[in-house]
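The first residue in the sequence is number 1, and the count goes up from there.
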Amino acid sequence: MKVIIVGGVAGGATAAARIRRLDESAEITIYERSGYISYANCGLPYYIGGVITDPEELTLQTPESFYSRFRVEVKTNHEVISLDPDKKTVTVKNLHSGEIFEDVYDKLLLSPGAKPTLPNLSGIDSDKIFTLRTVEDTLKIKSYIDAHHPKSAVIAGGGFISLEVAENLRHLGIEVTIVQRPRQLMNPFDSDMAAFIHNEMRRNGVDLALGYTVEGFEEKSGKIKVLIKDNPAIAADMVILAIGVTPESTLAKNAGLELGIRDSILVNERMQTSDPDIYAVGDAVQIRHFITDQNALISLAGPANKQGRIAADNICGGDSIYQGSQGSSIIKVFELTAATTGINETSAKNAGIEYEKIILSPLNHAGYYPGGKLMTLKILFEKGSLRLLGAQIVGYEGVDKRIDILATAIRAEMKAHELQHIDLAYAPPYSSAKDPVNMAGYIADNIARGIVKQWYLEDEPTLPRDGSVTLLDTRTFEEYASGHIIGFSNIPVDELRQRIGEIEKGKPVYVICQSGLRSYIASRILSGYGFDVYNFAGGFRFYDTVHSDRCLVQSSTPCGMDK
């Protein structure tokens, strides 16, 4: 069997190695148009910032090492420029020599990945404008920085690459502005959770221009000016475009293979295209979202690796099925860690799913053990069925552990209240006897049983201030005095029973505290006295962080704008 693989990195290289493990006699050739067969995409920004110092560390395999171990013929700097499904041939161009030749296959695997989205804007061809997708891109940026010592940079876009590049440029002492059309960074997160990411970026000197649209570029006086719609331009020494990626489906499209959303390559659950002898994997393919069952594009290394293995199984006569992706991801943002799995509120609404949400801010380990750090968890589950839909976490230590537990629970189709029963390891330096994941389960169980009713951040502007409801802050006097929501009166939870007569009967009571725990206790006390009580999801710390961030986003003017 002759197998040709177009593209290496996560999907293609994984498939090649799996095919060899299943079939020692297969003839396998990989054509890769870059100079690198298997490299660490996610590590590229850290080479720019000097965290990874040796460029060879970015290369996971070389053509020589791949051949030595797997007897796979790897041809880098070779671009497949067309394919003919009827003749079962590919046309290949040697990018060094210019030679063009044909090769024949029995089975073909497409792993072309995705390309940086490049808008049709004026001045975009400037040599001061960069994208970051390959090792070559990384080396080009690093060489420019080493040669020109830029003092300022604008990054267009607010996704994973944007934030990682921003952090690494700041480590080099470069002033950084992120320009993003949406009013938040990191769209996989809801805007309230993104507020914590915004705070960390600002705390480390990154200027955020959220809600601004790039209209073009202009070189002037040795600078590159980023032209902003309806606003002054931003001048910088370099620009990095990170506004997203587009599936690289040109080969498939020209060969007449069926396409999916955004011209992605359409595949079935066995990773087969519309031609049964051609498979496709990775960032170029349309997949099924595990939660919504809708078509999706998810550009992550984990799914690409899994798809490569599944395609290889089926190429070798197996019957492996790809069950869809839930988009589990994690990012380091300076000292902060942010992680997500499943869907957020926007996605749930778009999918027509009715949901509940819980927000809590526990410590990463036992409170009595020194060094505990807060994290904020937001978990969505379906109303009625209690099916887990998604989770978002921002914090410092222990975020990765909790998001992986929740990702596993979602994949196992657990119910939200069942999180309370997961038996997790406990020792004071690592967790609490009631782990944050268990705590989320307790809250979900209370909601499902009707023990707790919640009110949310978005409800605050419409809460009546006319005396028809009671607005109660149950923190200490000192906490209340340092900042509170307008209209809320203060009775500390430990004084509530003695002062219960101050709360008028017959009115709904909306309660808040710092994290949600004391207000929950207050809610149970008030319920015991016959009050209709609603506890705030997230606590005042959450409210204050999000409210302050939204005020900053609304009023911000990016540094470096022409006056």
Side-chain angles (χ1 to χ4, degrees), residues 1-81 90 92-99 101 103 105 107-116 131-143 146 161 164 248 251 279 281-284 299-302 304-309 311-312 315-316:
M1 178 176 63
K2 172 69 179 294
V3 182
I4 290 178
I5 298 174
V6 181
V9 197
T14 295
R18 176 67 172 173
I19 292 169
R20 174 57 71 226
R21 291 194 294 271
L22 295 176
D23 186 346
E24 185 63 24
S25 65
E27 183 182 347
I28 309 167
T29 302
I30 299 177
Y31 290 111
E32 167 61 47
R33 65 185 170 191
S34 79
Y36 300 86
I37 177 58
S38 181
Y39 55 88
N41 302 66
C42 300
L44 300 181
Y46 298 98
Y47 176 68
I48 293 171
V51 177
I52 298 173
T53 56
D54 185 351
E56 291 188 3
E57 292 293 330
L58 299 173
T59 304
L60 305 178
Q61 291 278 1
T62 65
E64 295 76 19
S65 67
F66 215 68
Y67 182 80
S68 175
R69 177 161 294 182
F70 297 110
R71 288 301 187 267
V72 171
E73 191 73 33
V74 177
K75 296 185 179 295
T76 56
N77 296 299
H78 280 66
E79 181 177 8
V80 176
I81 56 178
V90 296
V92 187
K93 181 177 182 179
N94 184 325
L95 299 179
H96 282 320
S97 68
E99 175 195 4
F101 60 92
D103 199 356
Y105 64 84
K107 302 290 183 181
L108 177 67
L109 174 66
L110 301 177
S111 179
K115 56 189 174 183
T131 59
L132 180 57
R133 188 69 180 172
T134 66
V135 174
E136 286 89 346
D137 294 336
T138 308
L139 299 177
K140 186 178 179 182
I141 294 170
K142 187 73 163 62
S143 296
D146 291 343
I161 291 294
E164 290 169 346
E248 180 55 274
L251 274 176
Y279 295 74
V281 300
D283 296 353
S299 299
L300 294 168
N305 273 284
K306 295 176 182 68
Q307 293 160 18
R309 179 185 174 94
I315 285 171
C316 293

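Distance check: K115 NZ to T134 OG1 gives 14.5 Å after rounding to the nearest 0.5 Å. Atom OG1 of T138 sits about 3.5 Å away from atom CG of L44, to the nearest 0.5 Å. Between the NZ atom of K75 and the NE2 atom of H96 there is a distance of 12.0 Å, given to the nearest 0.5 Å.
What you find for A26 and I19 is that their closest heavy atoms are CB-CG2, 4.2 Å. Annotation for T76 and S34: closest pair CB-O, 3.4 Å, computed over non-hydrogen atoms.
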**OP:** Could you walk me through whether V72 and Y67 pass side chain to side chain contact (heavy atoms under 4.5 Å, CB included), step by step?
**Re:** CA-CA 5 Å; V72 171; Y67 182 80; 5.8 Å; no
Original post:
Can V135 and L139 be said to form a side chain to side chain contact (heavy atoms under 4.5 Å, CB included), step by step?
Top reply: CA-CA 6 Å; V135 174; L139 299 177; 4.0 Å; yes
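The ring pair (Phe, Tyr, Trp, His ring centres under 6.0 Å) check on F70 picks up F66, with sequence neighbours excluded. Applying the side chain to side chain donor-acceptor pair (under 3.5 Å) criterion to S143, with sequence neighbours excluded, gives no partner residue. Shown here are the side chain to side chain donor-acceptor pair (under 3.5 Å) partners of D54, two or more places apart in sequence or in another chain: there are none. For the side chain to side chain contact (heavy atoms under 4.5 Å, CB included) test, no residue two or more places apart in sequence or in another chain qualifies with S68. Listed by chain and residue number, K2 satisfy the salt bridge (Lys or Arg N to Asp or Glu O under 4.0 Å) test with D103 (two or more places apart in sequence, or in another chain).
Both tests pass for K142 against the ring of Y47: distance under 6.0 Å to the centre and angle within 45° of the axis.
By the 4.0 Å N-to-carboxylate-O rule, R133 lies close enough to D283 to be salt-bridged with it.
Atom CZ of R69 is surrounded by 12 or fewer heavy atoms from other residues, nucleotides or ligands within 6.0 Å.
Looking only at side-chain heavy atoms (C-beta outward), I315 and Y279 come within less than 4.5 Å of each other.
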Show which side-chain atoms of residues 5-16 pair as donor or acceptor with protein atoms under 3.5 Å away, not counting sequence neighbours.
| from | atom 1 | to | atom 2 | distance (Å) |
| --- | --- | --- | --- | --- |
| T14 | OG1 | A10 | O | 2.6 |
| T14 | OG1 | N305 | OD1 | 2.5 |

